[in-house]
*Asks:* 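Handing you this structure, nothing more for now.
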Amino acid sequence: MITCGRAFLRRLTDLTIGVQKPYYHIRLTKAVKDDLRLWLSFIDNFNGKCMFINERFLNSDTLQLYTDSAKSLGYGAVYGTYWLYGAFPTEWKSFNITFLELYPIVLAVHVWASLWKNHCILFHTDNLALVFIINNQTSKDPQIMKLLRVLILACLKNNILFQSRFIEGRTNVLADCLSRLQVRKFRLLSPTSRPNPHQVPQHLIPENILKT
């Protein structure tokens, strides 16, 4: 069983409710089609093997993984000595803060997931709504669902299970500096970090990620 993909079978199952005959036609919604595309993308790269997962959850303190978004400025993520950051485009500054807080988590998973293979990861966020969304792997917001699919796909490919837990924002100093584009302050607080940020893949930068 591919556990972290279960949420993306839910909408398919819901469509069968009330269907009494096997030959009845069912109209596929856009959300269901997007879910099917996720599975097709996964199957294209899946070799049929699924390793046993280390069931001990690795939290932010263990991984040294921290993410943050500043609604009017940008986003940042730190993983050990690795880091990435960027500014939000003008149109993103009006987006729901829950969506914006999810974005750097999605980037962190996509960029560094190969280093977390076969593990359970606990993401920390200071957004309670996002804790619920990540733990249930679903949202009524179609834009958040697009980000969730990118997150889930990276986790499927790397056999990662995940949960989320609330953390006070004031304890998230390094990622907070990056989300506010305060790179000099970040370097002073974290002198052992790598000299250059990790490059965000082109298809995942804000201008492109919602087009996928």
Side-chain angles (χ1 to χ4, degrees), residues 4-8 10-11 31 34-35 37-38 41 57-60 63 65-79 82-113 116 120-158 160-169 171-172 174-181 197-198 200-212:
C4 71
R6 287 183 300 176
F8 294 90
R10 183 179 303 160
R11 280 168 285 274
D34 288 340
D35 289 347
R37 290 189 189 98
L38 177 141
S41 180
F57 272 87
L58 302 178
N59 61 25
S60 290
L63 285 173
L65 171 67
Y66 305 96
T67 64
D68 189 56
S69 287
K71 188 175 177 66
S72 62
L73 292 171
Y75 57 89
V78 180
Y79 169 49
Y82 296 98
W83 53 288
L84 59 82
Y85 80 107
F88 287 134
T90 302
E91 60 270 22
W92 273 43
K93 295 176 182 179
S94 63
F95 284 6
N96 186 302
I97 187 59
T98 302
F99 170 90
L100 298 179
E101 292 280 8
L102 176 59
Y103 177 67
I105 293 177
V106 172
L107 288 186
V109 171
H110 189 89
V111 171
W112 298 312
W116 310 334
C120 296
I121 307 297
L122 183 65
F123 300 119
H124 285 171
T125 175
D126 60 3
N127 185 303
L128 281 172
L130 184 55
V131 171
F132 178 85
I133 287 168
I134 290 176
N135 288 341
N136 290 278
Q137 299 178 36
T138 190
S139 171
K140 294 180 180 179
D141 187 318
Q143 290 182 326
I144 289 177
M145 285 305 301
K146 284 191 174 185
L147 291 188
L148 273 179
R149 290 186 182 95
V150 177
L151 173 69
I152 292 290
L153 185 57
C155 289
L156 286 172
K157 290 178 178 178
N158 291 279
I160 293 170
L161 293 183
F162 59 85
Q163 289 183 2
S164 183
R165 183 178 295 168
F166 180 79
I167 185 175
E168 291 288 346
T171 65
N172 198 17
L174 294 180
D176 182 75
C177 288
L178 292 175
S179 68
R180 298 177 189 278
L181 311 181
H198 201 119
V200 177
Q202 274 297 113
H203 69 287
L204 293 180
I205 64 173
E207 290 80 1
N208 293 331
I209 192 168
L210 293 180
K211 297 176 182 178
T212 58

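In what follows, residues are counted from 1 in the order of the sequence shown.
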*Asks:* Name all pairs fulfilling the side chain to side chain donor-acceptor pair (under 3.5 Å) condition that reach into residues 83-93, sequence neighbours left out, sorted by first residue then second.
*Replies:* none
*Asks:* Between OG1 of T125 and CD1 of I134, what distance do you get to the nearest 0.5 Å?
*Replies:* 6.5 Å
*Asks:* Heavy-atom distance under 4.5 Å between the side chains of L147 and L151, does that happen here?
*Replies:* no
*Asks:* Please name the pair of heavy atoms, one in S69 and one in F88, separated by the smallest distance, quoted to 0.1 Å.
*Replies:* OG-CZ, 3.6 Å
*Asks:* For a 4.5 angstrom cut-off between non-hydrogen side-chain atoms, does L130 reach I105?
*Replies:* yes
*Asks:* For E207 versus P89, what's the shortest heavy-atom pair and its separation?
*Replies:* OE2-CB, 3.8 Å
*Asks:* Indicate yes or no: at least one non-hydrogen side-chain atom of V150 is less than 4.5 angstrom from one of L204.
*Replies:* yes
*Asks:* Which heavy-atom pair separates Q202 from N208 by the least distance, and what is that distance?
*Replies:* O-ND2, 2.8 Å
*Asks:* Give a yes or no answer on whether the side chain of N158 reaches the backbone of I160 with a donor-acceptor pair at less than 3.5 Å.
*Replies:* no
*Asks:* What's the spacing between Q163 CD and N135 CG if we round to 0.5 Å?
*Replies:* 5.5 Å
*Asks:* Mind checking whether W116 and F162 have side chains closer than 4.5 Å, heavy atoms only?
*Replies:* no
*Asks:* Are F123 and I121 close enough that some pair of their side-chain heavy atoms sits under 4.5 Å apart?
*Replies:* yes
*Asks:* Does a side-chain heavy-atom distance below 4.5 Å link P104 with D68?
*Replies:* no
*Asks:* Minimum heavy-atom separation for L73 to S179, with atom names?
*Replies:* CB-O, 3.6 Å
*Asks:* With rounding to the nearest 0.5 angstrom, report the CG to SG distance, L161 to C155.
*Replies:* 8.5 Å
*Asks:* For T98 and N96: C-alpha separation, side-chain torsions, deciding distance, then whether side-chain hydrogen bond (donor to acceptor under 3.5 Å, both in side chains) applies.
*Replies:* CA-CA 5 Å; T98 302; N96 186 302; 3.1 Å; yes
*Asks:* If every non-hydrogen atom of A113 is compared with every non-hydrogen atom of A154, which pair is closest and at what distance?
*Replies:* CB-O, 4.4 Å
*Asks:* Is the shortest heavy-atom distance from the side chain of Q143 to the side chain of L210 under 4.5 Å?
*Replies:* yes
*Asks:* With a 3.5 Å cut-off and no angle check, do the side chains of N136 and T138 form a donor-acceptor pair?
*Replies:* no
*Asks:* Is a side-chain donor or acceptor of D126 paired with a backbone partner of I167 at a separation under 3.5 angstrom?
*Replies:* no
*Asks:* Just verifying a value: how many Å separate I152 CD1 and R149 CZ, rounded to the nearest 0.5 Å?
*Replies:* 10.0 Å
*Asks:* Testing the basics here: between R180 and A70, what is the closest heavy-atom pair and its distance to 0.1 Å?
*Replies:* CG-CB, 4.1 Å
*Asks:* Carefully, step by step, assess L65 and V78 under the rule side chain to side chain contact (heavy atoms under 4.5 Å, CB included).
*Replies:* CA-CA 5 Å; L65 171 67; V78 180; over 6 Å; no
*Asks:* Does Y75 form a side chain to side chain contact (heavy atoms under 4.5 Å, CB included) with L178? I'd like the steps, not just the answer.
*Replies:* CA-CA 7 Å; Y75 57 89; L178 292 175; over 6 Å; no
*Asks:* Measuring from atom CD of E101 to atom CD1 of I133, what distance do you get when rounded to the nearest 0.5 angstrom?
*Replies:* 11.5 Å
*Asks:* Under 30°, 30 to 60°, or over 60°: which ring-plane class applies to W112 and Y82, parallel, tilted or perpendicular?
*Replies:* tilted
*Asks:* Evaluate the side-chain proximity of Y66 to D176: yes if any heavy-atom separation is below 4.5 Å, no if none is.
*Replies:* no
*Asks:* Rounded at 0.5 Å granularity, tell me how far CG in D141 sits from NZ in K146.
*Replies:* 11.0 Å
